[in-house]
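Before any comments, here is the structure.
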Amino acid sequence: MNARQRYIALKARLVAERGTRCGVCGAPAIHPHHIIPVAETSIHAELVYEPANIMILCEDCHCLMHPNKRMYPWRAIRIARSRALGQ
């Protein structure tokens, strides 16, 4: 199994184990987020595949975790999160 296949299998396993709810806000989620960033460890580090280093997040919360890479208006994120949570 190559690195990409291994990562896809890990993501599927984490979603199956943890469900499809954001670990931050509870909205529907499928995005894996590394607590210790891959940029700090390198893509080849075993920490990339460590389940304890990965959170499942919704797209909005994942964007908030990467403020310099993904630019979304804060108001739109808050509205989308409220809708997803039925508030």
Side-chain angles (χ1 to χ4, degrees):
M1 181 180 306
N2 67 32
R4 184 174 187 278
Q5 292 169 327
R6 184 177 174 197
Y7 187 73
I8 290 170
L10 173 64
K11 177 185 170 185
R13 189 181 103 215
L14 291 176
V15 168
E17 290 173 0
R18 298 178 187 176
T20 56
R21 291 288 174 189
C22 179
V24 175
C25 72
I30 59 165
H31 298 275
H33 170 72
H34 289 87
I35 298 164
I36 299 173
V38 174
E40 291 180 19
T41 64
S42 99
I43 193 68
H44 303 292
E46 281 302 307
L47 193 55
V48 170
Y49 305 102
E50 175 57 47
N53 187 42
I54 300 172
M55 299 173 65
I56 302 299
L57 302 177
C58 68
E59 185 172 354
D60 295 337
C61 288
H62 200 199
C63 289
L64 293 174
M65 297 290 183
H66 299 281
N68 297 327
K69 294 182 182 179
R70 300 172 182 208
M71 300 303 291
Y72 288 93
W74 287 91
R75 182 170 166 73
I77 291 170
R78 188 172 33 165
I79 290 168
R81 184 179 298 123
S82 294
R83 284 187 188 141
L85 296 173
Q87 299 175 348

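This structure is a prediction, so every number in the text was calculated from the model and none was measured. Excluded from the calculations below are hydrogen atoms, water molecules and symmetry mates; all remaining heavy atoms, backbone and side chain alike, are included. We're numbering straight along the sequence, starting at 1.
- Taking both residues in full, the closest heavy atoms of Ile35 and Ile54 are given as CD1-N, 4.3 Å, listed atom of the first, atom of the second, then distance.
- Counting heavy atoms from C-beta on, the side chains of Pro28 and Arg21 come closer than 4.5 Å.
- Heavy atoms only, all atoms of each residue included: Tyr7 and Tyr49 are closest at N-CE2, 3.9 Å.
- By the 4.5 Å heavy-atom criterion applied to side chains, Val24 and Met65 are counted as neighbours.
- Across all their heavy atoms, Cys22 and Ala29 have their closest contact at N-CB, 3.4 Å.
- Taking CD1 of Ile56 as the reference point, atom NE2 of His62 lies at 9.5 Å (rounded to 0.5 Å).
- When each of Arg6, Arg4, Gln5 is checked for a side chain to side chain contact (heavy atoms under 4.5 Å, CB included) with Ile8, only Arg4 meets the rule.
- Using a 4.5 Å cut-off on side-chain heavy atoms (C-beta onward), Pro51 and Arg13 make contact.
- Proximity of Val15 to Thr20: side-chain heavy atoms (C-beta onward) are separated by under 4.5 Å at one or more points.
- A single hydrophobic cluster is not seen to contain both Ile30 and Leu10; linkage of ILVMFWY side chains at heavy-atom distances under 4.5 Å, directly or through other members, places them apart.
- Of all non-hydrogen atoms in Ala52 and Arg18, the two that sit nearest each other are N-NH2, 4.3 Å.
- Interatomic distance, CG of Asn53 versus NE2 of His34, reported as 6.0 Å (0.5 Å rounding).
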